Amino acid sequence: MARYNPKEVEPKWRAAWAEADAFRAKAEPGKPKYYVLEMFPYPSGRLHMGHVRNYSLGDVIARYKRARGFAVLHPMGWDAFGLPAENAAMERGVDPKAWTYDNIARMRSELKELGLAIDWSREFATCDVDYYGRQQSWFLDLFKAGLVYRKESVVNWDPVDQTVLANEQVVDGRGWRSGAPVEKRKLNQWFLRITAYADELVDSLKTLDRWPDKVRIMQENWIGRSQGLKFSFDFAGQTPAGFERGLEVYTTRPDTLFGASFVGIAPDHPLAEQLAAADPNVAAFVAECRRGGVSEAEIETAEKIGWHTGFKVKHPFDPNWELPVYIANFILMDYGTGAIFACPAHDQRDLDFARKYGLPVRPVVLPPGADPATFEIGEEAYTGPGTIFNSSFLDGKDVEAAKAEAIARIEAEGRGQGTTIYRLRDWGVARQRGWGCPIPVVHCAKCGVVALPKSVLPVALPDDLEFGKPGNALARHPTWKHTTCPTCGGPAERETDTLDTFVDSSWYFARFTDTEAEEPISKAAADYWLPVDQYIGGIEHAVLHLLYARFVTKALADQGLLSVREPFAGLFTQGMVTHETYRKQNGEWVEPREVEIVAEGKTRRARLVETGEPVVIGDVEKMSKSKRNTVAPEEIFEVYGVDAARLFVLSDSPPERDAQWSTGGVEGAWRFVNRVWAEFDSQPSELPAAGTPPGDKAEALRVLTHRTVKAVTEAVESFRFNSGIARLYEFLNGLKDFPAAGASPDVLAARQEALAAFARLIAPFTPHLAEECWSQIGGEGLVAEAPWPDFDPALSQDAVKVLPVQVNGKRRGEIRAPAGAEPAEVEKMVLDDPEIARRLEGLTIRKVIVVKDRIVNIVAA
RNA sequence: GCCGCCGUAGCUCAGUGGUAGAGCGCAUCCUUGGUAAGGCUGAGGUCGGCAGUUCAAUCCUGCCCGGCGGCACCA
């Protein structure tokens, strides 16, 4: 008997797939198409377990859909621009371009080793000039359409990475990559007008029914649409300079206008700045407001503080009612108008503030069932539904009706307007970095900012950028930026900012549909393949990449480059790969490979392989370099083969949850691979002639086979790969009851059927093993090109059912009945059964419940 | 605070309105020409807690407890 040797078997089949060009995507009209895509990797240099999991998941889908007769597109590329290359350049003096392409070469070979059913002919990297040049082309289209603009604004500046960050890239006030506290800087910046699509980005989330709710909710929160009212207060008495037209505020609660107590402005509101310039005390207060931290915890606990400006405004519905104007630290300049009217009774923040400064608290929304005479607000604002009272013409209305009425009244008086506002900001896309896609515009002293004509594209990066020191290598290049203005022919300077790498990844899926096309996107190919039917990646991109890609798709559709308005019809967010952590007594982290686990009874202890020094087993955490709890895929491939690694990572947990890597687990998968092979190896090549009628035993095996096909098919369809694999384990265990040695001809034939199904069922998970097994039993061609097995519904269930019999809900016996037996018939069988009868002695039968093919319950007393 | 997910064997996880399952680990035994291995058998579970619906609840409903994730001074 030959031992299974993945080191020989696996490369052999990869070569066979390449030889057959098995995974080339071909648009075939009349055949249903399926586009499966995993988020493409950043070429950091090494494949990690997260990649193994991500791409194995996608590969299961790709192989399964192919077996199901779909024309499948499953491509691979590289998200190749970005800072790590520049950092490597600075640290090690290498060229970012060479570094990146070297990494790509290494990772490509590692990915190929995984045996993925990928059409490698479509591979590209975003740093290929063929790619980013075409990105510049559609960037110019958006420019022309007014979706790109430049403005001076306060931006997030990452002092470590020395670049601007988009709002989405600032997490808890820190740069998402560097972790450095972000500074505010006023810069000329390039923006993409994502807010023009805010409504559609929210509204069409509803159509993405194959996206996780979680991601849709996160995007909805991020866009943060709210309907409300913008209106102006007139000043009473003294009017500050520049505010002759009043003080504009935004509110979502115009129904509570009669509960107004004061008006608040943000510390960096123009009025506050004006006052601060004139009065050092105000300036000191504003400075104090700014000192507050930016983290959630700090904001949470920050006390509300205010400064009474001395100004007063008139209530819009009662000119004799005057409200004081405060500068308050809890008001944000970059939301709404940076000014609010406060209704303490129905807003907690306003209430905290009002209590502190002794301002009136007047309830105007009466909760259902409350008595208007006695209803009072304590330390908790009432924000629920109710009936408006104490509110003149709004009295008696519910909250929604009162909102509409208040807005109508304000609009009629010309004081303001019902408005929808968003938390979403336009996307700042310029980065002051050299290793990125150049923005195709020039600055001309005479003509200003001039977009280049498409005829001069691509604007390629120079090959001799100098990355040895911090800052923008493109800006300091001696000659690159000097050019001529396409409008006037005079001297001009190229824009030296490059595009955010999220721009690169916002359309790559469309380019994959035809990587040869002259134009950025081949309309015909995109129309055939898009949208991506199944997109797979990490949850960390829920509001970054996934939002940008949706926006760019819509914008490109409006420029006529695409037909779809949503790029990803189905989204799956997979969990992370985790591992136990280990530390020495001195607290130093230790890698799993340096540790051996010893079981002492039921407790596990760890020690260093080298010295035997005891090691503390810590928490299970995401594999990371800092905790040193990583396991290198190539070392696993070397020992157990690729299939065992794939199998384990797919079988360990549901794909959306974290998977915990363990040596024991991968060893279990490896043993499974060997047992599968042994089972196939034991099948004789001489088989009985077809048509041998199956006896009971053969029939039982056929039932097992067909049930397994059904269960695995359903599991794969619903992304429960781990369940599917669990069924395959059970299938293999079940096969042991039907050994080839000494089997009768009919059983041997049933075994052949079982194995033929088995090879095809494991093909998406362990493709190399599947080929070897398929070939062993004389399967035709490659299993990668074989159709998915069908199941016979009649065989996927038993002919004879074992029905448990309960008496008063407790199991008291069982009977065997033909499948589909009628309740009356079953009842008779049960009551005739001597064992059951014994159980019922002395009891009166009240009721007999027969659930067809399931169970019988006798209620007796 | 709001929203979402999770709680089943020692561990990692399947599963189902009716009989509780896999891998790993553990124990017993077998094999010793698959051997830095393989196989047989087995033990181990109030299915987080309480209540409700039901003939019957691990599963449905409600409340509670515990863990994880996202959002949040957004007017």
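This structure is a prediction, so every number in the text was calculated from the model and none was measured. By convention in this document, chain letters (A, B, ...) are assigned in the order of the sequence lines, proteins followed by strands, and residues within each chain are numbered from 1.
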For atom [atom1] of [X] and atom [atom2] of [N], their distance in whole Å:
{"X": "A/Asn5", "N": "B/G34", "atom1": "CG", "atom2": "C1'", "value": "13 Å"}
{"X": "A/Glu667", "N": "B/U12", "atom1": "CD", "atom2": "C1'", "value": "15 Å"}
{"X": "A/Leu205", "N": "B/G70", "atom1": "CG", "atom2": "P", "value": "19 Å"}
{"X": "A/Tyr4", "N": "B/A37", "atom1": "OH", "atom2": "C1'", "value": "18 Å"}
{"X": "A/Phe233", "N": "B/A75", "atom1": "CZ", "atom2": "P", "value": "17 Å"}
{"X": "A/Met576", "N": "B/C5", "atom1": "CE", "atom2": "P", "value": "19 Å"}
{"X": "A/Asn674", "N": "B/G34", "atom1": "CG", "atom2": "P", "value": "14 Å"}
{"X": "A/Glu656", "N": "B/G70", "atom1": "CD", "atom2": "C1'", "value": "16 Å"}

- prompt: Is it the case that A/Lys304 places NZ or CZ above or below the six-membered ring of A/Phe330, under 6.0 angstrom from the centre and within 45 degrees of the axis?
  reply: yes
From [options], nucleotide with atom closest to [X] side chain:
{"X": "A/Arg720", "options": "B/C73, B/G15, B/C74", "value": "B/G15"}
{"X": "A/Tyr335", "options": "B/C73, B/A75, B/C3", "value": "B/A75"}
{"X": "A/Ile340", "options": "B/A75, B/G70, B/C74", "value": "B/A75"}
{"X": "A/Arg349", "options": "B/C73, B/A22, B/G70", "value": "B/C73"}

[atom1] spacing across the pair [N] / [M], given as an integer number of angstrom:
{"N": "B/U54", "M": "B/G70", "atom1": "C1'", "value": "37 Å"}
{"N": "B/U46", "M": "B/C5", "atom1": "C1'", "value": "26 Å"}
{"N": "B/G25", "M": "B/U12", "atom1": "C1'", "value": "11 Å"}
{"N": "B/U61", "M": "B/G7", "atom1": "P", "value": "14 Å"}
{"N": "B/C26", "M": "B/G52", "atom1": "C1'", "value": "40 Å"}
{"N": "B/G23", "M": "B/C55", "atom1": "C1'", "value": "37 Å"}
{"N": "B/C74", "M": "B/G48", "atom1": "P", "value": "37 Å"}
{"N": "B/C63", "M": "B/U53", "atom1": "C1'", "value": "15 Å"}

- prompt: Thinking salt bridges, do A/Arg593 and A/Glu635 make one under a 4.0 Å N-O criterion?
  reply: yes
query: Taking only side-chain nitrogens and oxygens of A/Asn221, does any of them come within less than 4.0 Å of OP1 or OP2 of B/G4?
result: no
- prompt: Would you say B/G25 has OP1 or OP2 under 4.0 Å from some side-chain N or O of A/Arg671?
  reply: yes
Set of side-chain contact (heavy atoms from CB on, under 4.5 Å) partners for [X], sequence neighbours left out:
{"X": "A/Thr420", "value": "A/Arg225, A/Gln227, A/Tyr422"}
{"X": "A/Ile331", "value": "A/Ala266, A/Ala328, A/Ile340"}
{"X": "A/Pro316", "value": "A/Phe231, A/Phe233, A/Leu257, A/Ile410, A/Arg415"}
{"X": "A/Pro254", "value": "A/Leu229, A/Thr251, A/Lys403, A/Ala406, A/Ile407"}

- request: Using the side-chain contact (heavy atoms from CB on, under 4.5 Å) rule, pick out the option among A/Leu647, A/Val716, A/Val712, A/Val649 that qualifies with A/Phe721.
  value: A/Val716
message: Under 3.5 Å, is there a donor on one side chain and an acceptor on the other for A/Tyr357 and A/Ser261?
response: no
field: Chi-based syn or anti call at B/G67, which uses purine or pyrimidine torsion atoms and a 90° bound
entry: anti
Side chain to side chain donor-acceptor pair (under 3.5 Å) partners for A/Tyr382, two or more places apart: none
query: Reading RNA chain B 5' to 3', how would its secondary structure be written in dot-bracket notation, given Watson-Crick and G-U pairs with both distances under 3.5 Å, brackets [ ] for crossing pairs and | for partners on other strands?
result: (((((((..((((....[..)))).((.((.......)).)).....(((((..]....))))))))))))....
Any base atoms under 4.0 Å from [X], or only sugar-phosphate, or nothing? Heavy atoms, all strands.
{"X": "A/Arg675", "result": "sugar-phosphate"}
{"X": "A/Asn722", "result": "sugar-phosphate"}
{"X": "A/Ile331", "result": "base"}
{"X": "A/Asn733", "result": "sugar-phosphate"}

field: Contact nearer the 5' end of RNA chain B, comparing A/Ile539 with A/Tyr250
entry: A/Ile539
query: Nearest nucleotide by nearest heavy atom, which residue falls closer to the 5' end of RNA chain B, A/Met218 or A/Gly336?
result: A/Met218
